2 protein chains.
Amino acid sequence: MRNNTIGSLIWLRLMRFTNQSNQMSNEFLKRFDLTTAQFDVLIQVRTYQPLTQMELAEKVTVTQGGISRMLARLEKEGYIVRKQDWKTKTISLTDKAEALMEQVMPEQLAFQTSFFDDVLSEEEQKTLYALMSRVHKHSEKKEIPPE
Amino acid sequence: MRNNTIGSLIWLRLMRFTNQSNQMSNEFLKRFDLTTAQFDVLIQVRTYQPLTQMELAEKVTVTQGGISRMLARLEKEGYIVRKQDWKTKTISLTDKAEALMEQVMPEQLAFQTSFFDDVLSEEEQKTLYALMSRVHKHSEKKEIPPE
DNA sequence: ATTTTTAACTTGACTAGTCAAGTGATAGTG
DNA sequence: CACTATCACTTGACTAGTCAAGTTAAAAAT
């Protein structure tokens with residue numbers, strides 16, 4: 001029994017790569033006192049604000065509980081505000097976060113981009129994107145095989 | 001300022017996909033009372049045993065501290081044994097884990113494979129694998145840009 | 001043969017997340 | 001109007017990981 005279908009090899013590469021690049025991204029963002037997860041959340045809030053926790057959780061593929069905890073941390077740091085609005089909590093960025101993002105976004109964008117620009121041609125990047133899009137979309141409607 | 005280089009789009013897809021498929025894998029492995037992270041560690045131990053914690057940490061891209069905690073959990077569950085051997089701790093699978101892996105491995109392999117087999121041709125999978133291998137290898141020697 | 005150094009591992013304090021049970025406010029229903 | 005759903009969010013107990021300071025045992029140096 002060997003771990004050797006092409007699919008399983010791709011799976012492993014993807015896991016190791018995302019793990020690796022996530023760690024590097026964390027290291028990179030340390031200069032702004034942010035983590036990758038926090039940056040991800042702030043980007044979404046910035047783009048879609050004002051929005052509810054449910055909507056946000058959906059966008060970053062995290063559970064209700066996860067987003068609740070994350071927002072508590074971000075609120076403590078003064079990056080976001082939650083106001084009870086009807087029976088929902090509406091999230092938006094503070095000025096502090098808005099200013100920070102203005103500065104961080106182009107840098108983080110360049111950082112992410114460099115993982116691919118350094119080794120793949122434009123054509124290859126398009127291919128990779130197209131393939132991953134198909135795989136990702138498929139995974140979203142996939143079902144766990146029954147026991 | 002938009003989040004729109006091809007590279008950044010690929011990055012996002014990869015993150016969301018691995019996140020998604022990791023969650024699904026956890027759900028799948030629940031029937032064996034395992035998590036994806038535990039399965040990953042057990043596979044490595046099975047393949048390379050006996051090995052030290054340092055070696056294992058390297059293989060699964062986790063810190064020394066992380067592997068120490070993970071192994072403490074796996075030991076408590078009776079899946080692995082650590083014996084102090086010289087100044088190193090040597091890790092190997094218990095019979096219980098060996099038997100479990102015999103059963104789980106083919107199923108998990110099929111599960112991972114299905115993420116790709118369902119939507120990509122053999123040719124496309126080879127392309128994806130080749131592209132990701134290059135990107136991954138590059139990331140391993142990449143350096144964090146200076147402040 | 002003691003002392004220092006070093007290598008391998010552990011641990012405390014933290015981020016990040018899960019699941020499932022618990023709150024709290026609003027919306028319907030009798 | 002009180003009563004029960006229900007929806008949005010929180011929280012307790014956990015896995016999984018990070019970093020940096022703390023052990024511990026063997027190696028090297030005095």
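Since the structure is predicted, the reported quantities are computational estimates derived from the model, not experimental observations.
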Roughly, in whole Å, what's the span from [atom1] in [X] to [atom2] in [N]?
X	N	atom1	atom2	result
A/Gln38	C/dT15	CD	P	8 Å
A/Leu74	C/dC14	CG	C1'	15 Å
B/Glu55	C/dA8	CD	C1'	11 Å
A/Leu34	C/dC14	CG	C1'	16 Å
B/Leu56	C/dT10	CG	P	12 Å
B/Lys83	C/dC9	NZ	C1'	17 Å
B/Asn22	D/dT15	CG	P	17 Å
A/Asp33	C/dC14	CG	P	15 Å

Item to complete: With sequence neighbours left out, write down each residue that passes side chain to side chain donor-acceptor pair (under 3.5 Å) with A/Arg16, or none if nothing qualifies.
Response: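 Once residues adjacent in sequence are excluded, the partners of A/Arg16 under the side chain to side chain donor-acceptor pair (under 3.5 Å) criterion are B/Asp40.
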
Restricting both atoms to N or O, compile the protein contacts to nucleotides 17-21 of chain C shorter than 3.5 Å, with distance only.
residue, atom, partner, partner atom, Å
C/dT18, OP1, A/Thr63, N, 3.2
C/dT18, OP2, A/Thr63, N, 2.8
C/dT18, OP2, A/Thr63, OG1, 2.4
C/dT18, O4, A/Arg69, NH1, 2.6

Item to complete: Report yes if some heavy atom in the side chain of B/Ser21 is under 4.5 Å from a heavy atom in the side chain of A/Met15; otherwise report no.
Response: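 Yes. Closest side-chain heavy atoms under 4.5 Å.
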
Practice prompt. Side-chain contact test, heavy atoms from C-beta onward, threshold under 4.5 Å: evaluate it for B/Leu42 versus B/Ile80 and give yes or no.
Written response: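 They are in contact (side-chain heavy atoms under 4.5 Å apart), so the answer is yes.
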
Fill in: side-chain contact (heavy atoms from CB on, under 4.5 Å) against A/Gln20, all qualifying residues, sequence neighbours excluded
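For A/Gln20, the residues satisfying side-chain contact (heavy atoms from CB on, under 4.5 Å) (neighbours in sequence not counted) are A/Met24, B/Thr61, B/His136, B/Ser139, B/Glu140.
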
Item to complete: Please figure out whether B/Thr35 or A/Leu71 has its closest DNA chain D nucleotide nearer the 5' end.
Response: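 Its nucleotide being nearer the 5' end, the pick is A/Leu71.
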
Worksheet item: What are the two closest non-hydrogen atoms of B/Phe111 and B/Ser25, and how far apart are they?
Response: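 Shortest heavy-atom contact: CE2-CA, 3.5 Å.
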
Fill in: Nearest to side-chain heavy atoms of B/Met54, which nucleotide of D/dT10, C/dA8, C/dA16
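So the nucleotide nearest the side chain must be C/dA8.
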
Fill in: Main-chain N/O of A/Leu93 paired with A/Gln49 side-chain donor or acceptor, under 3.5 Å
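Present.
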
